[in-house]
Amino acid sequence: MRMSAFLPSRVREGPGVGSSTMGAWQNRRSGLPTPTPAARGRGLIALAALALLVTPAEARRKDPPPPPEIPVTAEGLIDDINGYTIDGQGQLAHFSGLLIGKDGRVAKLLHDGDARPERPAYRLDGQHRTLLPGLIDAHGHVSGLGFQALSLDLTATNSLEDAQHKLQRYAAEHETPWIRGGGWNQEKWKLGRFPTAADLDPFTGDRPAILERVDGHAILANSAAMKAAGITARTPDPAGGRIEHDAKGNPTGLFVDSARRLVEKAAPAPLPRERDAAMAKAQEILITDGVTATCDMGTSVEDWESLRRLGDGGRLRVRITSYGLGVDTTLIVAGSQPTAWLYDGRLRMVGVKLFADGALGSRGAWLKQPYSDMPSTHGLQFMDDAKLKNLMSRAAMDGFQVAVHAIGDAANAQVLNAIEELAQTYTGDRRWRIEHAQIIAAEDLPRMAKYGTVASMQPTHATSDHAMAVKRLGPERLKGAYAEKTMLDEHVPLAFGSDYPVEDPNPFPGMADAVTREDEAGDPPGGFLPEQKITLTQAFAAFTTGGAYAAKAEDRIGSLTPGHYADFILLDRDPFQVDSKSLRDTKVLETWIGGARVWVRK
């Protein structure tokens with residue numbers, strides 16, 4: 001709920017700060033090999049190329065036989081499939097065959113009874129497996145996902161003691177100058193307070209340590225890190241941030257939103273090779289989960305250069321729509337207009353990411369009324385109205401799409417006010433985006449549709465936040481919260497994502513959360529704000545056509561429409577014919593991008 005990207009890549013952020021966080025990926029995944037580039041015009045990867053997609057240990061296993069090498073002038077056929085896509089009317093459409101052109105795009109959808117090519121260059125027998133268009137995560141943090149997978153991951157910890165044991169093991173096994181990691185959540189730990197530096201010091205020795213909260217809007221630093229950064233009791237709170245203090249006025253080690261930069265600036269920045277490794281790891285994770293395209297929300301200059309290195313080396317597979325981290329970053333990277341699509345439609349900077357407030361979990365979300373569980377604060381307002389409108393205007397005048405992080409009802413109202421004013425000057429297809437659109441006052445909800453503002457939401461936030469949200473807000477203020485069905489009823493364009501690595505990027509649990517409003521354990525029974533449940537078709541659309549529309553990419557991805565890229569996944573079950581628990585457990589068997597098979601489950 002939340003924002004950003006992993007610690008190292010967010011040190012030089014704009015007014016809001018922060019970074020995204022964690023997901024317990026590394027313990028549940030084997031490394032996904034890096035595929036060799038498929039030559040343009042090939043529909044599939046040949047056997048020699050497929051062999052490079054596996055790790056040495058996996059290479060000893062028997063792989064499924066790949067399709068044969070195909071001529072660049074030929075078409076391929078994926079046949080005997082249980083295919084679904086969203087059609088031009090927003091309805092679920094079914095098909096049984098997929099014809100792929102030599103350009104890696106969909107040539108035709110075939111139905112039972114339609115004639116098939118007699119001699120296609122290749123034919124894959126789908127064995128009646130379910131095929132979906134590649135899924136789109138409309139809000140994630142690519143480098144953050146990769147860094148989290150390669151660092152200390154506390155997402156799965158259920159207590160402070162559990163986290164301390166993992167920290168102690170990690171410190172003993174990694175001789176890095178600084179200890180980095182995150183994913184902790186004091187609410188999940190039932191700690192009743194925020195953790196402090198004193199909770200870390202016995203397990204870190206003299207080494208500085210920075211651990212990011214799960215929402216990406218706060219860090220916990222140990223005493224050595226605060227000393228290295230020169231933090232004392234006299235260090236003032238920066239604009240848009242907060243330093244937590246104890247009863248004696250000493251900093252506890254918790255730094256919220258922009259205050260985190262006070263400590264992070266003392267830590268060494270990741271080396272280019274480390275950033276490249278994080279980007280590659282993130283791509284592996286996304287492909288495994290069937291995510292073939294994503295919006296990278298808050299791309300730094302260093303992130304962009306890393307993505308370019310991946311693309312230049314022919315190793316960029318996932319399609320990434322980038323939103324620069326603030327106006328300055330966007331102008332440095334893209335200049336005076338959004339970039340062209342690079343690497344055969346795999347990378348484009350289309351817009352700018354701004355921040356209006358923080359996150360609910362760290363009480364940084366900006367509320368109209370005080371927090372129910374801490375009446376002394378309304379949260380954090382990152383920018384005054386004039387500054388926010390000036391930044392949005394500067395981006396819009398060069399045709400960049402504007403995406404603004406807003407969690408609290410005051411922040412969402414501020415962004416809607418700015419859109420209403422700027423829309424009078426910047427007309428046309430702007431597709432203003434509000435990222436998270438999480439807590440919105442009931443009187444503000446109808447304003448979302450007025451100028452076609454996109455609600456970029458994350459259904460898993462509703463289920464993971466439900467207990468905390470009630471404490472933070474009280475039941476009355478939840479009437480406009482996590483309002484996915486209301487958005488659809490008001491004809492607001494809806495795009496779904498995960499905010500990875502804050503949440504798991506796997507879209508199928510997200511779909512189950514949207515349909516049931518219950519988490520994996522079935523809590524809360526009957527669903528959190530059950531009146532906001534939506535149908536599976538609506539959730540599927542938000543993860544496909546909705547994500548494509550939000551990224552201004554509906555002309556090429558999101559559905560298996562002829563002329564669109566042949567990005568698709570094969571599944572182990574039909575998600576439209578199973579219950580919500582089975583939907584949550586859906587596994588991707590194969591991932592194809594641009595008509596090429598880039599991953600096969602072992």
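Hydrogens, waters and symmetry mates are skipped; everything else that's a heavy atom, side chains included, is used.
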Crowded around K188 NZ? As in, over 12 foreign heavy atoms under 6.0 Å?
yes
Exactly one of Q438, E503, H436 should register a side-chain hydrogen bond (donor to acceptor under 3.5 Å, both in side chains) with Q458. Which one does?
H436
Answer yes when E590 and R129 have at least one side-chain N-carboxylate O distance shorter than 4.0 Å, and no when they do not.
yes
Heavy atoms from other residues, nucleotides or ligands near NZ of K479 exceed 12 (cutoff 6.0 Å)
no
From the options F508, F543, F540, select the one residue that forms a ring pair (Phe, Tyr, Trp, His ring centres under 6.0 Å) with F496.
F543
Could you grab the distance from atom SG of C295 to atom NZ of K552, nearest 0.5 Å is fine?
12.0 Å
Could you check whether any side-chain N or O of T463 sits under 3.5 Å from a backbone N or O of T460, counting only pairs where one atom can act as donor and the other as acceptor?
yes
Centre of Y451's six-membered ring, under 6.0 Å away, within 45 degrees of the axis: is that where NZ or CZ of R430 sits?
no
Can you tell me how the ring of Y84 sits relative to the ring of H94, calling it parallel under 30°, perpendicular over 60° and tilted otherwise?
perpendicular
Say whether S362 and R213, considering side chains only, have a donor N or O and an acceptor N or O under 3.5 Å apart.
no
Between H461 and H139, is a ring-ring contact (aromatic ring centres under 6.0 Å, His included) present by the stated rule, with each step listed?
CA-CA 12 Å; H461 285 345; H139 184 113; 8.1 Å; no
What's the verdict on side chain to side chain donor-acceptor pair (under 3.5 Å) for Y565 and T292, showing C-alpha distance, side-chain angles and the deciding distance?
CA-CA 11 Å; Y565 286 113; T292 59; over 6 Å; no
Under 4.5 Å between any side-chain heavy atoms of V404 and Q414, yes or no?
no
Does any N or O in the side chain of D87 come within less than 3.5 Å of the main-chain N or O of Q89, such that one atom is a donor and the other an acceptor?
yes
Identified salt bridge (Lys or Arg N to Asp or Glu O under 4.0 Å) counterpart of D567 within the set R317, R597, R319:
R319
What's the verdict on side chain to side chain donor-acceptor pair (under 3.5 Å) for E554 and T545, showing C-alpha distance, side-chain angles and the deciding distance?
CA-CA 7 Å; E554 74 276 15; T545 53; over 6 Å; no
Do R517 side-chain atoms and F528 backbone N/O form a donor-acceptor pair below 3.5 Å?
yes
State plainly whether the residues D513 and R584 are in salt-bridge range, i.e. N to O under 4.0 Å.
yes
Look up atom OG in S559 and atom NE2 in H564, then write down how far apart they are to the nearest 0.5 Å.
4.5 Å
State whether D585 and K587 are salt-bridged, where the test is any N-O pair (Lys NZ or Arg NE/NH1/NH2 against Asp/Glu carboxylate O) under 4.0 Å.
no
May I ask you to decide whether D409 forms a salt bridge with R477, counting only side-chain N to carboxylate O separations under 4.0 Å?
no
